[in-house]
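As structure tokens, the structure follows; a few thoughts come after it.
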Amino acid sequence: MKEVPIIEMKGIVKVYPDGTKALKGVDFSVKQGEIHGLLGENGAGKTTLMKILSGMLHPTEGKIYVRGKEVRFKSPADALANGIGMVHQHFTLVEVFDALHNIILGMEGHGLLSKINVDKAREKLKKLMEDLNFRVPLDVPVEDLPVGVQQRIEILKMLFRDVDVLILDEPTAVLTPIEVEELFAVLRKLKAEGKTIIFISHKLNEVMELTDRVTVLRKGEVVGTVKTSEATPQLLARMMVGRDVVLRIQKPPKEPGEPILRIENLWVKGDRGEDAVKDLAFEVRAGEIFGIAGVEGNGQTELIEAITGLRRPEKGRIILNDRDITGRPPKELYDAGMAHIPEDRTRMGLILDMTVTENAILGLQWRKEFQRWVGTVDWGKAKRHTEMLINEFEIVAPGVDAPVKSLSGGNQQKLIVAREVSKKPVLIIASQPTRGVDVASTEYIRNYLVKLRNEGKAVLLVSADLDEILQLSDRMGIMYEGEFMGIVKPEEVTTEEIGMMMGGIKYEELNK
Amino acid sequence: MKSSISDLIAAFNFKALLESLIAIVIGFLIGALVLLAFGYDPAVAYSALFGGALGSTNSIASTLAYSTPIMLTALTFAISARTGIFNIGAEGSFYFGAIAAVIFTNIWANMWFGLAMGILLGALWSLPAAFLKVYRGVHEVISTIMLNWIAWFFVFWLVVGPYANPNDPNKTIRIPESARLPLIGNTNLSIAFIIAIIMAVLSYYLLWHTVFGFGMRASGLNPRAARYGGVDPNKAIIWSFIIGGVMSGLGGAMKIMGEPPTYAISQGMANVYGFGFDGIGVALVGRNHPLGIIFAAIFFGMLRAGTALMQIEAQVPLEIIKVIQGIIVITIAVPGLYDLVKNVFKKG
Ligand SMILES: Nc1ncnc2c1ncn2[C@@H]1O[C@H](COP(=O)(O)OP(=O)(O)OP(=O)(O)O)[C@@H](O)[C@H]1O
Ligand SMILES: [Mg+2]
């Protein structure tokens, strides 16, 4: 006798109002109690499919069965009532609320004003966190918490609603390796309790490690579903892309040139007035990729904001090409040859309600090549520029006049990278440049950064992905509580040593 | 690919247009129910309304004359709204524009001088709220409401005091003949209407075709990303207030300089009061788009111009028009109305 799958989607078609056919008849089924991976290139339709399953979107055609019974979800509440909950690629928390209120927000019987209900909710949550060994501070406004913690809140929010099927859309994109391990431990525990998990990721090794089965989507169609134990990363990559992918970075040795960016005794304060960057000094030279590794929240964000003119440093100097740029506004820095891929694409890198074209010239709008006469934008030229970026970086977009929010997450990220490198910078600051980007595009972006370095540009790379730092950097600084624990060459240190430095032990002290 | 793009643009604007049209239809329907409830015949009332608004050259001229000041105050609201600011200070700048025209044309009887001074005072009056917002974080709704009252009492004092007309105590002194706006043809419509249209087109050009306007819209949608993109959101906010003040100041000046036969502010400021507030409604119906505002203003002008005949022929009180206007604005403000109506039609 064949067991009835807990989730069964049949012939799902989704056409967005603008005519984009995101899903072209997808069959997808998930067994009770398994961890099911969902893979596919940027724009393949993963998020769309899961939004349909969680009631956020309505399918144009197709049927959904939960435990063998046909369902029609009008809203996420309907899906929740059937035990299906989703944690989104871009978070949906209320920033000024604390975790507790974010979690109970919108639940009947947990009115925000009823003290008894809130207390009950707090008890239940505490127990949940205890059982899973998965904790968050309940009373701190969400905006003051690091992304890793925000994501835990999103997950707890779903577990608090007693979901049986938990959908996670690229949960690891924003996590450090340690946080990823912690998350996986929790997910395994949930699986042992009988919960079903659908897991989206672009990182093949994660999918290999965590999942029981994998379904691969390509351009809105299912390529196939395989048992993870019978798959290899190469096989999955080939299913995704349709051809063999070479996961390799060509990085010839190179002698770096003159310093392009010099940081001298820099002190920067964080949002809560604490010293986030403490007396930091380093330089990035022409033809060099300088990586900054470290657990997120150790001052990387503040450091980058200070360098890019978005946060005023307390003390110290920032020098670009022998010019003191400390505290200068972003436009002046861009004119001086800086480009910046920001870590937060939806809140800083893009204006979601503007079109692809408008976003493609953000930070370039005053450039002569986009002007008809002084101070006016020539949209014809801007569009041609955008089309060029779309072609070069293989960005999947419904069109240059479409709102940028209709691009898939990875394609949004590719647009930012494309825009920034199109500035022809001498110094490029890249924060999490491949976050949420698929395998093939990740390699493309990484190779592009190496190409810039080979051309004699200076690259400052910040990434939570240690592999990325190790693969790309010529030198790297390991940051802990606003200071470098050491500046080393990747080939000189072991992963363990890096781990210890990330934990706050200075390089000099390591070999004692 | 090319055609799908233009379809998309069409779809987006089409949706906004349709939403406004639906709201207008609903406004008229509910208005009709109100008319019925009070024992009037909606058919008679509405035909009188449209006759009064469009029936003759003169009625068309008065429709357009009514539309002029609210077109400009709507631009004030829309430009600020696009920069992320809820600026309801059009009213105050409008008073100052009007009184500036009275004062300065009586110093130098030149039309351009009068308009320029109206613009200047209107713009200056927008500055306190702008600086309070940017440097002190005072919310613009609070500051502009208070500044409107200050403007009201100050200008009121000027109207009844220093600039009262010694020969006609019901009005201020008049705009000298040589400083009045020329009239179009044989009508009572002055070139103020044409200037207002030009301002709307310029506003559109500013917002959508200049680097500066791009920065303003960017700040309005996402200040953090705008700053990252090299725009100074504070500067954008200050300029949006100033440009808004320019529009309303000009509106106030032209209201007095181009309104036969009085060419003066009347006692109690009846002929300069309320245009700033009506402008908000016009901006909402025009979807905060300068070109949409042209049509919305003319529509509101029609309603105003038509009321006279509606009063005479159907004995309907003037207030009913205010009710219809109010319903339209509220209907527009209901989010997702378009989808609601679409679903109803799908099911039905
Ligand atoms: N609101 C929308 N309007 C129009 N098209 C959309 C919209 N949202 C997504 N799309 C399109 O649908 C397709 C699938 O998008 P989706 O977000 O599901 O991709 P994804 O597989 O999650 O990609 P990623 O890995 O980059 O997150 C893309 O081509 C995208 O451009
Ligand atoms: Mg996605």
Side-chain angles (χ1 to χ4, degrees), chain A residues 16-20 305 308-311 329-335 338 340-342 344-359 361-367 370-379 382-383 387 390 397-404 406 416 419-420, chain B residues 1-16 18 81-84 201-236 239 243 287-289 336 338-340 342-343 346-347:
Chain A
Y16 279 105
D18 65 359
T20 309
E305 287 185 356
T308 54
L310 297 167
R311 186 183 287 264
K331 175 173 187 296
E332 216 176 299
L333 307 184
Y334 300 153
D335 288 341
M338 186 190 285
H340 175 200
I341 301 167
D344 192 338
R345 64 169 166 251
T346 52
R347 283 187 291 187
M348 186 180 280
L350 297 172
I351 299 174
L352 292 178
D353 288 314
M354 282 192 159
T355 65
V356 175
T357 302
E358 286 172 316
N359 276 285
I361 64 160
L362 181 66
L364 294 139
Q365 64 267 35
W366 49 76
R367 291 241 176 142
F370 302 123
Q371 307 221 328
R372 193 186 304 271
W373 46 74
V374 183
T376 61
V377 183
D378 186 330
W379 288 113
K383 276 177 197 175
E387 272 156 12
I390 287 178
V400 292
D401 291 318
V404 86
S406 70
I416 295 177
R419 173 184 74 203
E420 294 307 307
Chain B
M1 173 128 166
K2 261 262 119 55
S3 82
S4 75
I5 294 169
S6 45
D7 285 349
L8 190 70
I9 304 171
F12 272 59
N13 292 337
F14 182 67
K15 188 178 167 189
L18 217 62
R82 291 283 177 185
T83 321
V201 174
L202 284 179
S203 302
Y204 163 73
Y205 194 80
L206 170 79
L207 283 170
W208 272 278
H209 290 279
T210 69
V211 174
F212 193 75
F214 178 72
M216 289 172 82
R217 286 187 299 122
S219 304
L221 291 169
N222 182 345
R224 212 202 293 208
R227 215 155 82 78
Y228 157 77
V231 177
D232 181 347
N234 284 342
K235 214 164 119 189
W239 276 104
I243 297 165
R287 296 276 143 171
N288 287 330
H289 192 294
Y338 169 83
D339 299 312
L340 211 71
K342 206 174 70 178
N343 282 343
K346 242 190 207 161
K347 284 188 189 124

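Side chains are part of it too, since the values below use all heavy atoms of this structure and drop only hydrogens, waters and symmetry mates.
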Practice problem: Quick one: closest heavy-atom pair of B:A218 and A:M354, and the distance? | Solution: N-CE, 3.6 Å
Quiz item: For A:P330 and B:R227, which heavy atoms make the closest approach, and how far apart are they?
Solution: CG-O, 3.4 Å
Proximity breakdown for [X] and chain B, heavy-atom pairs closer than 4.5 Å:
{"X": "A:W379", "value": "side chain"}
{"X": "A:T20", "value": "neither"}
{"X": "A:L350", "value": "backbone"}
{"X": "A:R419", "value": "side chain"}

Exercise. For chain B, find which of A:V374, A:L333, A:L310 contributes the most heavy-atom pairs closer than 4.5 angstrom.
Key: A:L310
Exercise. Quick one: which of A:E332, A:K331, A:E358, A:E305 has the most heavy-atom pairs under 4.5 Å with chain B, could you say?
Key: A:E358
Quiz item: Judged by atom type as modelled, is there a donor-acceptor pair below 3.5 Å linking the side chain of A:R347 to the main-chain atoms of B:R224?
Solution: no
Practice problem: Return yes if some donor-acceptor pair links the side-chain N/O of B:Y228 with the main-chain N/O of A:H340 below 3.5 Å, else return no. | Solution: yes
Quiz prompt | Identified side chain to side chain contact (heavy atoms under 4.5 Å, CB included) partner of B:N222 from the options A:L362, A:T346, A:I351 | solution = A:I351
Quiz item: A:T376 versus B:Y205: any side-chain heavy-atom pair under 4.5 Å?
Solution: yes
Quiz item: Going from CZ on A:R372 to OG1 on B:T210, what distance comes out if it is rounded to the nearest 0.5 angstrom?
Solution: 12.5 Å
